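Take a look at the structure set out below.
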Amino acid sequence: MTREEFIRLIPNNPSLADIYYKPIKDTMDKFNIDTPLRQAHFVAQLLHETGNLKYKQESGNDAYFNKYDIRYNPKKAKDLGNTQIGDGAKFKGRGLFQLTGRANYKSFGDYIGVDLLKNPELVANDPKIGSLVAGWFWNRSSLN
């Protein structure tokens with residue numbers, strides 16, 4: 001996908017296209033999202049989840065996320081892994097595909113070599129990390 005093709009997908013906000021094109025393109029290259037069909041599905045999902053790159057984090061106040069504070073069940077491998085009061089808000093969904101929960105922040109942080117348990121906002125605020133979340137999830141879920 002070229003930069004011009006990507007910009008045409010979000011014509012109302014070309015500045016976001018300029019910010020996110022390279023990180024998204026690098027992510028697609030890294031995770032072999034390398035055919036037009038794969039790229040179309042990946043970018044369509046990404047634009048859907050972010051409202052055309054407008055939202056990079058789940059909205060709501062901390063009280064809304066309280067229901068997710070302690071949600072750990074060793075029998076459920078896909079659970080959030082939240083173990084402390086405040087985890088729900090601290091590890092709310094962020095990134096171009098929503099990374100959610102202490103366990104997922106830890107796992108993804110280990111993968112990229114960044115302590116996201118101490119710096120969870122990086123997933124929403126750093127275009128490279130936010131893009132890599134999407135590719136990491138895509139790859140782990142065998143969506144190619």
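From a predicted model like this one, the values you see are computed outputs, not experimental measurements.
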Taking the side chain from [X] and the backbone from [Y], do they hold a donor-acceptor pair closer than 3.5 Å?
{"X": "D126", "Y": "I129", "answer": "yes"}
{"X": "Y105", "Y": "K92", "answer": "yes"}
{"X": "K90", "Y": "R102", "answer": "no"}
{"X": "D87", "Y": "Q84", "answer": "yes"}
{"X": "N66", "Y": "G86", "answer": "no"}

Looking only at heavy atoms, which two atoms of [X] and [Y] are closest? And how far apart?
{"X": "K118", "Y": "P120", "result": "C-CD, 3.4 Å"}
{"X": "R94", "Y": "A89", "result": "NH2-O, 3.9 Å"}
{"X": "I7", "Y": "A17", "result": "CG1-CB, 3.5 Å"}

Q) Hey, is CZ on F137 packed in by over 12 heavy atoms from elsewhere, all under 6.0 Å? A)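 Count not over threshold, so no.
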Q. Could you go step by step and tell me if D110 and K106 meet the salt bridge (Lys or Arg N to Asp or Glu O under 4.0 Å) rule?
A. CA-CA 6 Å; D110 289 349; K106 171 81 170 110; 3.0 Å; yes
Path from [X] to [Y] over hydrophobic side-chain contacts below 4.5 Å:
{"X": "Y55", "Y": "I19", "answer": "no"}
{"X": "I24", "Y": "L9", "answer": "yes"}
{"X": "L16", "Y": "L47", "answer": "yes"}
{"X": "Y21", "Y": "L96", "answer": "yes"}
{"X": "I85", "Y": "F91", "answer": "no"}

Q: Please work out which of the three classes, parallel, tilted or perpendicular, describes the rings of Y68 and F65, given edges at 30° and 60°.
A: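 Plane angle between 30° and 60°, so tilted.
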Q: Could you tell me whether D34 and R38 have a side-chain N and a carboxylate O separated by less than 4.0 Å?
A: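 Yes, charged N to carboxylate O under 4.0 Å.
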Q | Heavy-atom check, side chain of L116 versus side chain of L122, under 4.5 Å | A |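 Touching, per the 4.5 Å side-chain cut-off.
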**Q.** Sub-4.5 Å side-chain heavy-atom contact between F6 and T2
**A.**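 No; the side chains remain at least 4.5 Å from each other.
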**Q.** Residues which pass side chain to side chain contact (heavy atoms under 4.5 Å, CB included) with F31, listed by chain and number, not counting sequence neighbours
**A.**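 T27, I33, Y111, L132, W136, N139.
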Q | Close aromatic pair by centroid cut-off 6.0 Å: F42 and F97 | A |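 Ring centres of F97 and F42 closer than 6.0 Å.
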Between [atom1] on residue [X] and [atom2] on residue [Y], distance to nearest 0.5 Å:
{"X": "N144", "Y": "H41", "atom1": "CG", "atom2": "NE2", "result": "10.5 Å"}
{"X": "S131", "Y": "K25", "atom1": "OG", "atom2": "NZ", "result": "13.0 Å"}
{"X": "M1", "Y": "R8", "atom1": "CE", "atom2": "CZ", "result": "10.5 Å"}

Q. For I10, which of L53, V43, T50 qualifies under side chain to side chain contact (heavy atoms under 4.5 Å, CB included)?
A.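 Testing each of L53, V43, T50 against I10, the sole residue satisfying side chain to side chain contact (heavy atoms under 4.5 Å, CB included) is L53.
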Q: Using salt bridge (Lys or Arg N to Asp or Glu O under 4.0 Å) as the criterion, list what pairs up with D18, not counting sequence neighbours.
A: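 Scan of D18 (salt bridge (Lys or Arg N to Asp or Glu O under 4.0 Å), adjacent residues dropped) gives R3.
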(Q) Evaluate Q98 against E49 for side chain to side chain contact (heavy atoms under 4.5 Å, CB included), listing each step before the verdict. (A) CA-CA 8 Å; Q98 298 280 292; E49 294 213 13; 4.2 Å; yes
Q. Is a side-chain donor-acceptor pair under 3.5 Å present for N13 with S15?
A.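 Note: S15 and N13 side chains meet the donor-acceptor criterion.
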